[in-house]
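What follows is a short report on a single structure.
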Amino acid sequence: MLSFPSLLLLLALLRSSAPLSAPPASLATPASLLRSAVSVSRLLDEACAKPLHPGPPPPSFELADLLSGEAKDEISEALREHTFVVLTPPAAPDDSFASLPSSLASSLREKALSCLFELPPAEMLSLAGPQMAYPNFPQSTVGLSSGGGNDFLDFRFPNPPDRASPVLPRLPPLQDAAQDLACCLSLVGAKLLESLPAPPGIAPLPDLCDLCDLSALRPLDPPEPQLSNTVLRLAHYPPGPVEVTFGAHTDTAFLTLIPLTSPAGLEAYSPSLSSWTPLEARHPPGSVAALSGELLHAVTCGEFRACAHRVVKGQARRVSSPLLLRHRPGGEAGGRPLQEVWEGMQFGGRSTGEMERELGEMERELGEMEKGASPPRRPPAPPTPAPAPPPVLPDYNFRSPSALPIFFSSLSPSSPPPTVLSRSPLLLQYDDLLPPAATAEILAHAKTLGALSSTVLQPSSPTASLDSVRSSTTAWLSHSETPALSLLSSLLSSITSLPLSHCERFQLARYKPGQRYAPHVDHLDSMNGLACGGRVRTAIFYLNGGGGLEGGRTAFPELGVSVEPRAGRAIVFDNVRVPVAFEGRFECEGDGRSVHAGEPVEGGEKFIVTLWAHPAPVS
């Protein structure tokens with residue numbers, strides 16, 4: 001057994017050891033990726049159809065046996081059969097490595113509760129984010145987010161590990177504790193991946209550790225100029241009446257490693273037992289659950305299937321600290337970027353049946369090619385063009401419609417998930433985005449400002465000019481003009497998936513009785529000539545509603561949607577067709593379905609602030 005000081009030395013050696021080599025060839029062809037996505041979708045359908053009461057537990061193993069290699073064959077077989085495996089700590093805590101995940105996870109949870117989760121929502125947000133991990137990949141965030149009444153604090157790690165991290169600079173105790181736990185769990189994950197045998201018919205199995213982002217443990221080669229794809233997540237589940245607080249899902253990762261905690265809540269589905277297993281109710285605290293992910297499923301062609309799991313809410317608060325061991329940034333396998341393997345495992349809102357039909361057509365085409373004579377001679381293929389840069393505003397791939405509000409969660413602990421008013425074009429409604437006191441602070445500040453007659457943009461020019469279609473008065477506010485506006489800026493930047501540098505200043509609009517804004521669009525094709533591109537996404541925040549305000553709804557005639565003003569409510573919508581990519585200039589195509597109007601105010605006054613987001617920084 002390793003002593004605690006010896007373990008720290010081992011971790012230091014691993015962090016400074018030889019960097020990872022180039023990744024080997026991938027097994028993931030387009031057909032195999034779609035086949036893997038279909039099998040994962042079938043597995044989720046099967047798991048969701050099972051009743052909530054649990055079945056018998058699969059066997060567990062001592063973590064020490066994995067580290068020593070004594071039970072690696074039995075552990076890998078259990079992972080293959082059940083899609084997850086539980087690794088238990090020593091019966092009596094000691095100074096060995098096998099006891100370390102438990103002590104590190106417990107320390108991190110205690111720090112999170114004392115430093116963050118005990119604070120009021122607005123103060124939590126001011127300390128912990130949110131922010132994007134790196135440009136052009138809005139799915140990758142750091143800091144605090146929320147969904148379904150739960151809070152999620154994501155940590156990512158710089159490469160090389162000694163590079164300064166911009167993540168959560170005001171919470172160094174949490175940052176350091178998260179780094180330690182991520183390093184420990186990465187080592188457990190690496191040992192487990194090393195133990196997996198090559199599936200039948202697939203030889204050799206790629207070196208999975210070379211495909212994974214282990215930058216919390218040791219440096220990548222060459223160093224990637226961004227934060228890690230691998231995430232250490234603190235998940236905070238307050239008590240509540242909902243039976244299942246996070247529904248059945250699989251993770252787009254190689255492995256998810258979860259130190260089990262108390263009270264119980266985590267459940268995993270075993271296909272071989274056809275039942276759910278309450279992991280924390282059946283195993284001692286300090287155990288580590290290792291769950292297969294979609295990337296492992298894809299690379300092994302379904303030999304190690306992705307694990308469906310869920311969280312059941314109890315009567316007491318629960319904090320979990322999973323590590324999602326994902327693909328290395330910028331890595332490739334067999335000439336295919338690992339990011340494409342990630343994208344190939346996204347369901348894009350398609351049902352299992354739709355993907356099965358698509359797979360059938362693909363396999364029929366391949367069969368016809370195999371039956372035919374020698375393929376016709378074709379001219380040499382032109383040189384492969386350089387890969388296009390990732391879209392600034394992507395076309396989002398969602399596993400199901402229910403995932404849309406989770407992905408676009410406001411990241412505000414005070415706000416429930418958004419209501420999806422339209423999927424295409426995207427139109428979301430957020431209620432109680434800010435605490436009432438913060439909304440009232442912005443409204444009071446707005447009433448003290450002088451205002452000018454409103455202007456609109458003419459189709460012939462991207463410059464502003466007076467136009468009678470809008471009869472309100474306006475003023476411009478900086479993103480940090482008041483503490484409440486600073487908080488609102490952070491939230492709306494996260495929702496729009498674009499940094500504040502890409503957003504115009506807030507426009508305050510004040511509508512008196514009889515004033516309105518005729519139907520219009522926020523993006524004009526002439527804006528494509530601007531360095532910042534056009535207005536790709538709009539966020540409108542209502543400062544008041546009710547209490548004497550009559551009329552003034554925001555109408556979307558093409559979508560059949562009308563939004564009533566209400567203090568603390570926000571709407572966010574796309575003005576252009578996605579994805580939006582940069583190809584020398586931003587060729588944004590306006591989406592006429594986003595035409596909207598401010599209906600006349602019939603009584604009282606209406607106050608709103610609007611934020612327009614662009615695909616590039618606004619000068």
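- For the side-chain contact (heavy atoms from CB on, under 4.5 Å) test with Val536, the passing option among Asp574, Asn575, Val576 is Val576; the others fail.
- Asn528 places a side-chain N or O within donor-acceptor distance of the main-chain N or O of Cys588, the cut-off being under 3.5 Å.
- If you run side-chain contact (heavy atoms from CB on, under 4.5 Å) between His479 and each of Leu488, Leu485, Leu611, Leu492, only Leu611 comes through.
- Phe541 is linked by a ring pair (Phe, Tyr, Trp, His ring centres under 6.0 Å) to nothing, counting only residues two or more places apart in sequence or in another chain.
- Taking Thr439 as the reference, nothing meets the side-chain hydrogen bond (donor to acceptor under 3.5 Å, both in side chains) condition, with sequence neighbours excluded.
- The closest donor-acceptor contact from the side chain of Asn544 to the backbone of Glu605 lies under 3.5 Å.
- The CD1 atom of Ile608 sits 10.5 Å away from atom OG1 of Thr474, with the distance rounded to the nearest 0.5 Å.
- A salt bridge between Arg566 and Asp432 is present, with a side-chain N of the basic residue lying under 4.0 Å from a carboxylate O of the acidic one.
- With no hydrogens or angles considered, no side-chain donor-acceptor pair links Thr554 and Glu599 at under 3.5 Å.
- A heavy-atom distance below 4.5 Å is found between the side chains of Arg233 and Leu324.
- Contact record, Glu441 with Pro483: OE2-CD, 3.4 Å, taken as the closest heavy-atom pair.
- Looking at residues two or more places apart in sequence or on another chain, you find a ring pair (Phe, Tyr, Trp, His ring centres under 6.0 Å) between His596 and His520, Phe556, Phe573.
- A 4.5 Å side-chain heavy-atom check between Phe152 and Tyr237 finds at least one atom pair inside the cut-off.
- Judged as a side-chain hydrogen bond (donor to acceptor under 3.5 Å, both in side chains), and not counting sequence neighbours, the contacts of Ser424 are Arg593.
- Test Ile258, Leu181, Thr261 against Ser321 for side-chain contact (heavy atoms from CB on, under 4.5 Å) and you get one pass: Leu181.
- Between the side chain of Ser493 and the backbone N or O of Ser489 there is no donor-acceptor pair closer than 3.5 Å.
- One distance of note links OH of Tyr511 with CG of Leu549; it measures 12.0 Å at 0.5 Å rounding.
- Applying the salt bridge (Lys or Arg N to Asp or Glu O under 4.0 Å) test to Glu564 and every residue at least two apart in sequence or in another chain returns Arg553.
- Arg326 and Asp213 are not joined by a salt bridge, as no carboxylate oxygen comes within less than 4.0 angstrom of a charged side-chain nitrogen.
- For Glu504, the side-chain hydrogen bond (donor to acceptor under 3.5 Å, both in side chains) criterion is met by Arg535, His614, not counting sequence neighbours.
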